[in-house]
There are 2 protein chains.
Amino acid sequence: MTGDRNHEANGAKARRSTIRDVAAQAGVSVATVSRVLAGSHPVSEQLRAKVLRVVREVDYVTNAHAKSLAGAGQLSIAMLIGDITGASFAHAAKGVEQEAASRGSLTLVGSTDLDPAREAAMVNLMREQGAGAVILIGGASDLAEHQQRMARYAKSLNAAGSHLVLCGRPPLPPEVPAITVDYDNEGGAFAMTSHLLSAGHRRILILPGVEGYTTASIRLAGYTRALEAYGMSVEPDLVVHTTYEYGEGARAVRQALERGVEFTAVFAGSDVVAAGALEALRSAGLRVPEDVSLAGYDDIPLARDLTPKLTTVHVPYEEIGRSAARLALEREPGVRGEHKHVVLGTHVVVRQSVAPPPR
Amino acid sequence: MTGDRNHEANGAKARRSTIRDVAAQAGVSVATVSRVLAGSHPVSEQLRAKVLRVVREVDYVTNAHAKSLAGAGQLSIAMLIGDITGASFAHAAKGVEQEAASRGSLTLVGSTDLDPAREAAMVNLMREQGAGAVILIGGASDLAEHQQRMARYAKSLNAAGSHLVLCGRPPLPPEVPAITVDYDNEGGAFAMTSHLLSAGHRRILILPGVEGYTTASIRLAGYTRALEAYGMSVEPDLVVHTTYEYGEGARAVRQALERGVEFTAVFAGSDVVAAGALEALRSAGLRVPEDVSLAGYDDIPLARDLTPKLTTVHVPYEEIGRSAARLALEREPGVRGEHKHVVLGTHVVVRQSVAPPPR
DNA sequence: TATGTTTTCGAAAACGGTTACACACAAGAA
DNA sequence: TTCTTGTGTGTAACCGTTTTCGAAAACATA
């Protein structure tokens, strides 16, 4: 007895009290309790007060499962993220969570770790939960395969009275019933490339992303368009594909340097890739921006923390998340969703990492 | 008709198919379907195959709400985060999500925005969802008030057959039935202060956190202990309280500089506070680490990206999250939880931001 | 007082699963 | 043959809500 530091009631089975318990203790029917709680039908002030008192006494909370089974459930939203640890994804996630919370509903999350199999399994789990919509954030892949997979999800989700919304993923053919909200990726790449060109740079090393992925090719398109506006064309040596990881940025510029390709600016595919590139530039004895200029993409907090502060293109991730959630929640459940595509603007935010080229 | 780009079946009400539909179409009873799906009882191979075929044909998924109502629900876990956007929280969140996913269950999330009212509302929402456990991550506050609030949550959660687990929050009195998993905060502060002292620093500006909060006072305790081991005592001018935001780090050192307090090293309360401090130091014309050394806390990816790379104390956030989830999931639901406290180790990782003091 | 209206409330049927129980039918033991 | 035993299968009760429907009560009207 002396060594027992545990709680007095420790080990006792705890049963959650139900609406029937409340009804019994208040001397009314379950229907009445339900009505005062939902405010769906008028109840005399007398009973109302008694019910509320009992509810507070036994610390009753309604069982959400039973409620949605009975058809009055909050339509909830589920989101699937490649990696919460990525700042841009986290901001988008925050946006959807905020919007959902402001409407009183919780959010289900899962992460795929960029694995299509896990993604499919998670979508299934979410379907079981009866999510009103599932939002996929980030984590693209090969275009054709991606479109097939998404079409499958959309069809299956629609059949269950729910819908699919995609954030920052490749666009879908108009016949697949899904909502996509994306940012102006081509425009961002175009704007930044133009910024670099107007600063005087002519040889810009671009790290557009993963080869064969849509994000990369779209950025390349923007880069190309900007170059052509200056009467130039893209030089193959100046584009090297990378993933979005730190180490890849470093590897890419190291490799370019070793090959002897000349450039006065590097346009990284993300801010963290830019951080990696910065590291590689530094250890090669190059100063930024005096010797070579550096630009990023995303505008996550890191951009401000780098030395020099990173010039980058701003992507409104949080707003993307909010839009996605809003769109998802506004769709009437049980109605098949039509195709919809909304794109949010980007712009370059200039800080200290780009300067005119040397000489 | 020409302008209609919508899906053919658009607008049709979609009804999710039930176990009864499957049973009818396969010519068996609902019990049989349930049994093949759950594998709970033997079913002849013939029926089994037929059922599975129909399941695939109609793309049936079981209704999770109905399942948990019937008592066979996956016990799920819910987590409440102050701000997903913070890297350390995000890593912890990733840990819990991973652990949960590896056991086949989704995670519910909500964010409190550090608002106690929203926190309480969210805990209630989670209780309604029947979460097997609620994990609170980050977001401390005044100690006494915090303890009261947590005791209330723990009691209410226990009464409903669930439990409370806290990550990186102030410790609780042993009589409150909750699990807390934390890192060795005092030890981390002690180790880093010792590291700084052994490098030769004697006047170390410390930014321990928010005044009156436990995290701050514990770190101060570690700092003090290290100082005393060198026969020194803490000088009030050298401790300035801040929140964990970037701007606060900058403000704090700027203020110290203006007041003319002398120091050769600053020990920031988090890596992002360190980033802010770095900025302020730089704009005051001080070089890091030549003129003043800088140390952080957390060891998030940012630490590696700063210039110079930040020496900091490593906190195993992801592991904390995993432990929390494991502990939560292993507790038998419906049994009142006892009090438990697990603490994970920290260590200093030395990089480039500390050097011997000048002269 | 008798009658029509309006309120307020309770009984019971869903919702979509799981599972205890009963039962049919086969094979092996007596 | 008859009695067990075991294996598969179906019937129906139950989980905790919401909601329809109808009854009772209260009030207004004639």
Side-chain angles (χ1 to χ4, degrees), chain A residues 13-51 54-55 58-76 125 127-130 160-162 333-334, chain B residues 13-51 54-55 58-75 125 127-131 160-162 333-334:
Chain A
K13 277 286 180 188
R15 198 186 62 90
R16 179 169 172 176
S17 51
T18 74
I19 201 174
R20 250 171 274 269
D21 300 332
V22 175
Q25 191 156 344
V28 299
S29 76
V30 295
T32 302
V33 177
S34 175
R35 292 198 258 253
V36 345
L37 257 21
S40 52
H41 275 292
V43 172
S44 74
E45 191 47 45
Q46 199 182 14
L47 291 193
R48 192 184 143 71
K50 202 188 310 185
V51 166
V54 174
V55 162
V58 303
D59 197 14
Y60 167 82
V61 288
T62 133
N63 180 325
H65 295 304
K67 184 185 277 194
S68 20
L69 229 207
Q74 256 289 8
L75 83 162
S76 61
L125 262 185
R127 211 146 57 97
E128 289 182 5
Q129 301 282 340
S162 156
Chain B
K13 278 287 180 187
R15 198 186 63 89
R16 179 169 171 175
S17 52
T18 75
I19 199 175
R20 256 168 267 269
D21 299 332
V22 175
Q25 191 156 345
V28 301
S29 75
V30 294
T32 301
V33 177
S34 175
R35 291 198 259 253
V36 344
L37 257 21
S40 52
H41 273 293
V43 172
S44 74
E45 190 48 45
Q46 198 182 16
L47 291 193
R48 193 184 142 68
K50 202 188 310 184
V51 166
V54 174
V55 162
V58 304
D59 197 13
Y60 168 82
V61 289
T62 133
N63 180 326
H65 296 304
K67 183 184 275 192
S68 34
L69 231 207
Q74 256 290 7
L75 84 161
L125 262 185
R127 208 148 57 97
E128 290 181 5
Q129 299 283 341
S162 157

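Numbered from 1 within each chain, the chains take letters A, B, ... in sequence-line order.
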CD1 (B:I19) and CG (B:N63) are apart, to the nearest 0.5 Å, by 10.5 Å
Summarise protein proximity over nucleotides 14-19 of chain D in one line of letters, 5' to 3': B for base, S for sugar-phosphate only, - for none, counting protein heavy atoms closer than 4.0 Å.
-BBBBB
Rounded to whole Å, the CZ-C1' distance (A:R48 to C:dG10) equals 19 Å
What distance do B:Q129 atom CD and B:S162 atom OG have between them, rounded to the nearest 0.5 Å?
12.0 Å
I'd like a list of close polar pairs between nucleotides 22-28 of chain C and the protein, N/O only, cut-off under 3.5 Å.
none

Sub-3.5 Å donor-acceptor pair from the side chain of B:S68 to the main-chain atoms of B:A64, do we have one?
yes
Does B:S44 have a side-chain nitrogen or oxygen under 4.0 Å from the phosphate oxygens OP1 or OP2 of D:dT9?
yes
Donor-acceptor pair, side chain of A:H65 and main chain of B:G130, under 3.5 angstrom:
no
Nearest 0.5 Å, please: how far is OG1 in B:T32 from NE2 in B:H41?
11.0 Å
Residues A:R127 and B:D59 bridged, charged N to O under 4.0 Å
yes
Rounded to the Å, how far apart are A:L47 CG and D:dA25 C1'?
13 Å
Looking at B:S17 and B:Y60, would you say the former's side chain and the latter's main chain have a donor-acceptor pair under 3.5 Å?
no
Within the 4.5 Å heavy-atom criterion, are B:R16 and B:V61 side-chain neighbours or not?
yes
